[in-house]
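Just so you know, these numbers use all the heavy atoms, side chains as well, and skip hydrogens, waters and symmetry mates. Indexing begins at 1, ligand by ligand and atom by atom, following the structure's order.
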Amino acid sequence: MRIVFFGPNGSGKGTQATLLKSELKVPHISTGDLLRAAVKAGTPLGLRAKAVMDTGKLVSDDIVLSMLEERLAEADVAGGFILDGYPRNLVQCEALEGLLARLRQPLDIAIKLDVPDAAILARCELRFAAEHRPDDDPAIVRKRLDVYREQTAPVAEHFADMEKLATVDGVGNVDAVFARILAVLPRVPA
Ligand code: AP5
């Protein structure tokens, strides 16, 4: 199955995609994780990306697309994938559509996780205290929420037009949210 997860920062995309990966046995591809790996490796691309990520803005479409193209060319995605954090704007929606058409891997569903700002601020504050992720600083979390509203929220309409959108309430414990996600997955013929 080929799934896109999107939603505001801290809405639980990574947490739920990890659970779904075990359930469906398909790889979890997070553009945030790909970028953080490049930052950790200290590559020129990683250094450029870090400067942008630390401000809460989006890394350039070209950089993220080339990383994603490389990842989707790997053999383990032949049976499907869970894409977390891409697309994040309408340019990326078009790029993904083109890429998946070339790979003959049509998307099955785009899952949007809905979580109100107050819960997001609380979650990111907890993670900031535990993990010190630079973009979990409360001021940057607010900036990321603004970027989400301005650039990523319109992605929902794009998937609704394709009749692929499922919106899931992301509030509640992790298992309850996961059960809601399982309930919206399309049935795959046996
Ligand atoms: P990315 O890593 O994608 O971050 P994000 O979308 O901002 O998401 P988060 O990782 O903060 O949250 P999440 O929704 O995955 O939730 P999680 O499960 O971690 O991107 C980081 C940056 O990279 C971007 O700002 C941008 O600069 C760049 N980037 C990435 N993709 C890009 C793209 N396509 N184009 C351009 N730039 C891009 O959970 C969050 C916390 O909440 C955790 O501590 C978790 O334990 C907790 N939690 C999860 N579920 C629950 C629950 N149900 N109840 C309580 N707590 C919960």
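Side chains of Glu94 and His158 form no contact here, defined as non-hydrogen atoms less than 4.5 Å apart. Proximity of Arg71 to Pro27: side-chain heavy atoms (C-beta onward) are separated by under 4.5 Å at one or more points.
Among Arg127, Lys143, Arg133, the residue whose heavy atom sits closest to atom 4 (O) of ligand 1 is Arg133. The residue from Arg88, Glu125, Arg144 that puts a heavy atom closest to atom 1 (P) of ligand 1 is Arg88.
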Let me have the donor-acceptor pairs involving side chains of residues 159-169, under 3.5 Å, with sequence neighbours excluded, atom names and distances please.
{"from": "Lys164", "atom 1": "NZ", "to": "Leu107", "atom 2": "O", "distance (Å)": "2.9"}
{"from": "Asp169", "atom 1": "OD1", "to": "Val171", "atom 2": "N", "distance (Å)": "3.0"}

Show your working on salt bridge (charged side-chain N to carboxylate O under 4.0 Å, His left out) between Glu69 and Arg102 and close with a plain yes or no. CA-CA 11 Å; Glu69 272 178 319; Arg102 281 201 302 284; 3.1 Å; yes

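The proximity of Val64 to ligand 1, defined as any non-hydrogen pair under 4.0 Å, is limited to the side chain. Residue contacts with ligand 1 for Leu35 involve side-chain atoms from C-beta outward but no N, CA, C or O (heavy atoms, distance under 4.0 Å).
Those atoms of ligand 1 with a heavy atom of Gln92 less than 4.0 angstrom away are 33 (C), 34 (N), 35 (N), 36 (C). Less than 4.0 angstrom separates some heavy atom of Gly14 from each of these atoms of ligand 1: 13 (P), 15 (O), 18 (O). Atoms of ligand 1 lying under 4.0 Å from any heavy atom of Pro8, numbered from 1 in the order shown and given with element: 14 (O).
Membership of an apolar cluster is not assigned to Val91, as no side-chain contact below 4.5 Å to another ILVMFWY residue is traced.
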